[in-house]
There are 2 protein chains.
Amino acid sequence: MAPTKSSKKKPKAALAFQSPDGKSSQHPDLDALVQQTIARVADKWTLLTLEALDQHGTLRFTQLAGLVDGVSQKMLTQTLRQMEADGFVTRTVHPVIPPKVEYTLTALGRSLGEAFCSVWTWAEKNYKAIEKARTAYRERS
Amino acid sequence: MAPTKSSKKKPKAALAFQSPDGKSSQHPDLDALVQQTIARVADKWTLLTLEALDQHGTLRFTQLAGLVDGVSQKMLTQTLRQMEADGFVTRTVHPVIPPKVEYTLTALGRSLGEAFCSVWTWAEKNYKAIEKARTAYRERS
DNA sequence: TATGTCAGTTACCGTAAGGTAAGTACTATG
DNA sequence: CATAGTACTTACCTTACGGTAACTGACATA
C-alpha cells in the first residue's frame, strides 16, 4: 500500500522508545509496524488460544481444541504455528506414540495477555453500553 | 471422524458475531460477548480512525480520509457508521451546501482508546522481539 | 486384521472482506 | 454552461479467510 507518511503518536502513550520529541521518527513505519502487530495479534483464534493457555498453563493439541470453542483443526494448527513463529508459545514435541505435543506461553506471550487484559476488562465493563448504543442507533434510523 | 466437537457447537460459525446456539440463549456466554466486542473493536480501520480522532479531536470526513492512511471512502464510511452505531463517535451534520459533517469521539470512544493504549504500548515495546522471534523461527525451519 | 489415538496435512470450495470507479445531490463560482 | 467541492452510495470484481472432510503415520489394543 501507500507508504506511511505522517508520524502520529499520542503523548499519553508511555514511550519506551527513545526519540526526540516533535521530530519525525527515525522509523517512518513505526506506526505501520505497530499497526501490523496489533492486526496480527487481535485475531479471533489467537486471542482465544492465548486466553486458554493463559488460564490453563501447558496444554496439548486436543485439549486446546476442546477449550477454544468452535475452532477447527486447521485453524488451531495455523494459529499455533503463527503464535510459535511470533514467539508467543513454545511447542514441545515428545517423540512417543501416539504423538504428544505440548504448548506453553512464553514470557512474551504472557506479556501480551497482560496488555490485552485492559481491553478485555474494558469490554467487560462496556459491552452493555455498546449494546445500548446499538439499540438506540437502530431506533434512531 | 468427528473433528473438534465440543459441548457447544454452532451450526455455522460465522466470523465474529454470532450468538445463539441451540438453546434459548438469553445469556450467551460472557466470554462470547467480550470476544465479540473485542473482535469488532480490534478492526484495522476502526483502530486507525479512533487514533486519528483521539489526536485531533473533531474532524470532518475528508480530513479523516487524509489522516487514516490508505483508507477508501467506502471503508471510512462503513467504519464511521459502525463506530457511530456502537456509540464511539458522534456524527454532526451541518445542513449547509456543500455538506459539512463532523465526527467526534464520545466518552465511550475515548475510554476505548485508553484501553487500547496498553496494547499499543505493548506493540511498540515488543515488535522487535516479535521480528526477532520470526527470524529465529524461519532459520529453525 | 480391524480399529482407535494423536497431531496434524491437504484439497476443495463457499463466503465475505475490501478495493476501484462511477454515480448522486446540491449550489456557488467562473 | 461547466466545473469544483463535500459526503456519501452503489455496482462490480478479486482475493483471501476459513469451514468440511478425507488422508497420513506409527503403534497399541481387541
Side-chain angles (χ1 to χ4, degrees), chain A residues 1-2 35-36 39-49 52-53 58-85 89-104 141, chain B residues 1-6 8-18 21 35-36 39-49 52-53 58-85 89-104 141:
Chain A
M1 252 295 148
Q35 167 59 43
Q36 279 168 36
R40 152 134 319 157
V41 138
D43 167 68
K44 180 185 178 178
W45 299 129
T46 304
L47 284 176
L48 291 176
T49 306
L53 285 170
T58 297
L59 288 171
R60 301 179 61 177
F61 186 85
T62 35
Q63 292 180 305
L64 271 167
L67 287 168
V68 179
D69 193 46
V71 76
S72 64
Q73 290 180 329
K74 181 188 168 187
M75 276 300 103
L76 185 55
T77 306
Q78 212 172 96
T79 305
L80 286 169
R81 284 294 123 77
Q82 187 65 68
M83 291 177 76
E84 193 198 353
V89 297
T90 53
R91 180 169 176 270
T92 313
V93 183
H94 302 270
V96 294
I97 301 277
K100 180 172 181 181
V101 181
E102 288 182 324
Y103 295 92
T104 316
S141 47
Chain B
M1 75 196 260
T4 57
K5 281 285 173 67
S6 50
K8 292 191 224 165
K9 56 165 190 174
K10 311 178 178 179
K12 204 176 226 170
L15 179 106
F17 350 91
Q18 201 37 272
D21 322 77
Q35 167 57 42
Q36 280 168 35
R40 150 133 324 154
V41 137
D43 167 69
K44 178 185 179 181
W45 298 129
T46 303
L47 285 176
L48 291 176
T49 306
L53 284 170
T58 297
L59 288 171
R60 301 180 61 179
F61 186 85
T62 34
Q63 292 180 306
L64 271 167
L67 287 168
V68 179
D69 194 46
V71 75
S72 64
Q73 287 185 327
K74 181 189 169 186
M75 276 299 103
L76 184 55
T77 307
Q78 213 173 98
T79 304
L80 285 169
R81 284 294 122 77
Q82 188 64 67
M83 292 176 77
E84 194 197 352
V89 297
T90 53
R91 180 169 175 270
T92 313
V93 182
H94 303 270
V96 295
I97 301 274
K100 179 173 182 179
V101 181
E102 288 182 325
Y103 295 91
T104 316
S141 47

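Per chain, numbering begins at 1; letters A, B, ... match sequence-line order. Every heavy atom of this structure was used, including side-chain atoms; hydrogens, water molecules and symmetry mates were not.
Atom-to-atom, CH2 of B:Trp45 to C1' of C:dA17 comes out at 12 Å; the value is rounded to the nearest Å. Rounded to an integer number of Å, the gap from A:His94 NE2 to D:dA26 C1' is 18 Å. Here D:dA7 presents its P atom at 15 Å from CD of B:Glu84, a figure rounded to the nearest Å. Atom NZ in A:Lys100 sits roughly 13 Å away from atom C1' in C:dA7 (whole-Å rounding). In this structure, CE of A:Met75 is placed 16 Å from P of D:dA21, rounded to the nearest angstrom. Taking atom CG of residue B:Leu80 and atom P of nucleotide D:dA7, one finds them 11 Å apart after rounding to whole Å. The CG-P distance, from A:Leu76 to C:dG8, rounds to 8 Å in whole Å. In this structure, the CD atom of B:Gln78 is 12 Å from the C1' atom of C:dG19, given to the nearest Å.
The residue from B:Leu67, B:Val68, B:Leu59 that alone fulfils the side chain to side chain contact (heavy atoms under 4.5 Å, CB included) condition with B:Leu53 is B:Leu59. Checked against B:Glu102 for a side-chain hydrogen bond (donor to acceptor under 3.5 Å, both in side chains), the options B:Gln63, B:Arg60, B:Arg91, B:His94 give a single hit: B:His94.
The phosphate of D:dA7 (OP1 or OP2) has a side-chain N or O of B:Arg60 nearer than 4.0 angstrom. B:Thr77 has no side-chain polar atom (N or O) that falls below the 4.0 Å cut-off from OP1 or OP2 of D:dA7. Phosphate proximity of D:dT6 to B:Thr62: absent, as no side-chain N or O sits under 4.0 Å from OP1 or OP2.
Which of C:dG8, C:dG19, D:dC8 sits closest to the side chain of B:Phe61 comes down to D:dC8. Nearest to the side chain of B:Arg91, among D:dA7, C:dT9, D:dG19, sits D:dA7. Counting only heavy atoms from C-beta on, B:Tyr103 has its side chain closest to D:dC8 among C:dA7, D:dC8, D:dG18.
Between atom CZ of residue B:Arg81 and atom CG of residue B:Leu76 there is a gap of 9.5 Å, rounded to the nearest 0.5 Å.
Using a 4.0 Å heavy-atom criterion, one finds that A:Lys74 contacts the bases of the nucleic acid, with or without backbone contacts as well.
Within the 4.5 Å cutoff, no side-chain heavy atoms of B:Val71 are placed close to those of B:Leu48.
For B:Thr58, the side-chain hydrogen bond (donor to acceptor under 3.5 Å, both in side chains) test picks out B:Thr104, with sequence neighbours left out.
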How far apart are the C-alpha atoms of A:Thr49 and A:Tyr103, what are their side-chain angles, what is the distance that settles it, and do they pass the side-chain contact (heavy atoms from CB on, under 4.5 Å) test? CA-CA 10 Å; A:Thr49 306; A:Tyr103 295 92; over 6 Å; no

Assign a letter to each nucleotide of nucleotides 22-27 of chain C from its 5' end: B, base within under 4.0 Å of a protein heavy atom; S, sugar-phosphate only; -, no contact. B---BS

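Taking both residues in full, the closest heavy atoms of A:Met75 and A:Trp45 are given as CG-NE1, 3.6 Å, listed atom of the first, atom of the second, then distance.
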